[in-house]
Protein chains: 2
Amino acid sequence: MIFSGDLTPGSRLPSETELASQFGVGRQTIREALRLLELSGFVIMRKGGAGGPIIVDTILNTLANSFLDIFRMGRITIDELTTARTEIEKVVLVYTFKSIDESDIHALQDNVLKAKAKLEDGIQAFEENVQFHKLLAKASKNHVFVAVMESIITMVAHFRSLLGADLALSERATLEHTQILDALVKGQKKLGLELLEKHLLYIDGRFKEFSSEQAATASNNDLSGTLRPDES
Amino acid sequence: MIFSGDLTPGSRLPSETELASQFGVGRQTIREALRLLELSGFVIMRKGGAGGPIIVDTILNTLANSFLDIFRMGRITIDELTTARTEIEKVVLVYTFKSIDESDIHALQDNVLKAKAKLEDGIQAFEENVQFHKLLAKASKNHVFVAVMESIITMVAHFRSLLGADLALSERATLEHTQILDALVKGQKKLGLELLEKHLLYIDGRFKEFSSEQAATASNNDLSGTLRPDES
DNA sequence: TCACATTTGTCCGTATGTATC
DNA sequence: AGATACATACGGACAAATGTG
């Protein structure tokens, strides 16, 4: 029913006990089935009066968390990550140039404005800097690109968050985002691609510096993090 | 412990009852925790004497299933899928040319030989044709590319399996795989890229024919499939 | 602010099917 | 072929959380 669209986000399923009697099985069986749906990103469980299993759509989150698991297992090096990110984002940007529309541009402009406001207050615009690239992918209007980029960017953001704050980095990133957005608005495809490549090259360079510094100081084993960090 | 490498595939965890008493919780709580690990691709549950929760590594499978969920929800059109597949695979092939080694070539040769053997017997080499592209990605030696391509190819294969058998298509695919492999062996990068592009263009064209034919005949709603089809 | 109904979260005990030795 | 170990499933019960009146 979820696949066919009969159940859309916001719909509320019957309670566990009701589902159990409807299907003629025990509550534990229903619970594990609901747990599967929850982990697949199709429902969330809310306690209390108006609670119960509620249809949601957090599959992109689930997908990104799967990628994060691979990263956390140490099977992906920072070099592999940045290489793949750069190559794929370049390809996606070509389609973004083809398909971008007014609302995309507005969202991107809003993003850099918010980032600049934060920087004015002396705090780094980490979330906005990450979000900028997700918005770029969305503007390509290809859901596969969106899903892939969302996952890769999430891994990059996870790695970035492991390295403390860096106001200067966020400032430079925001500036370069502004330039890329400007090229997008003006339809300067070649310039936009060059700017993106330079931008990613710089960011990746800083990442590699960071990771070698970190490797030199301590053996950060990242066991403090939860398994499912952010279900926003 | 899985992330840090203390638990590697093949390790066996204590039984549910033992884990429950170790952590001071009930069995159902342990069961749901194990279910989470199972769905995340970290363990499988085996019944019987030497059974119990066993550490495995099927995260790529979990990842691909997440993508499949998005596809099944109808959020990805066949056009978006083939476009993204073509663009990303072209990028990956560049890295495959850089990093391919003897064992990769051997695996690819083995693949086309098996495919030809099947075709000789008059049966289509569906699995081998799919596997060829996964092997190409593996030869890039970039785990992000591997994960992304594995997922995309799985979606393509899922869609392909919805359209009945087609011996001629499999024959042509195998032939073109042979040519691409030949270019790889000889290091003819430009030729290889051209061959891949032509190959994907043809396959995608057939897919679009198929899907328009299908749309004309019946409203296939794909509800017969299981939620978690292949946990090989 | 307080009580109440609803629903999930967790627990225990028990029974059964099943794979392995 | 039988014993064993284990997951799977059921029913009943209570605690905790959450929204409503």
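None of the values given here were measured: they were computed from a predicted structure.
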Nearest-Å distance for atom pair CD/P, residues Glu38(B) and dT8(D): 7 Å
Spacing of Ile30(B) atom CD1 relative to dT10(C) atom P, expressed in whole Å: 11 Å
Salt-bridge present (Lys141(B), Asp104(B); N to O < 4.0 Å): yes
SB check Glu128(B) Lys114(B) (cutoff 4.0 Å): no
Glu102(B) atom CD, neighbour heavy-atom count above 12 within 6.0 Å: no
Rounded interatomic separation in angstrom, taking CD from Glu16(A) and P from dT7(C): 10 Å
Sorted by number, the residues of residues 20-28 of chain B with heavy-atom contact under 4.0 Å to DNA chain D: Arg27(B)
Atom-pair distance (CD1 on Ile44(B); C1' on dA19(C)), nearest Å: 13 Å
Sequence-aligned protein contact record of nucleotides 16-21 of chain D, with B where the base is within under 4.0 Å of a protein heavy atom and S where only the sugar-phosphate is: -BBS--
NZ/NE/NH1/NH2 to OD/OE distance under 4.0 Å, Lys116(B) and Glu120(B): no
Which nucleotide in dT8(C), dC10(D), dT7(C) has an atom nearest any side-chain atom of Thr29(A): dC10(D)
Below 4.0 Å: OP1/OP2 of dC6(D) and any side-chain N or O of Arg12(B): yes
Salt-bridge contact Glu38(A)-Arg35(A) (side-chain N to carboxylate O under 4.0 Å): yes
SB check Lys118(B) Asp121(B) (cutoff 4.0 Å): no
Side-chain donor/acceptor of Thr96(A) to backbone N/O of Leu136(A), under 3.5 Å: yes
Nearest-angstrom distance from the residue atom CZ of Arg35(B) to C1' of dG9(C): 17 Å
Parallel, tilted or perpendicular, as decided by the 30° and 60° cut-offs, for the rings of Phe71(A) and Phe159(A): perpendicular
Rounded distance in Å - CD1 (Ile54(B)) to C1' (dC6(D)): 11 Å
Flag for Asp101(B)-Ser103(B): side-chain donor and acceptor within less than 3.5 Å: yes
Spacing between Arg31(A) atom CZ and dC11(C) atom C1', to the nearest angstrom: 12 Å
Minimum-distance nucleotide (side-chain atoms of Pro53(B) versus dT8(C), dA7(D), dC6(D)): dA7(D)
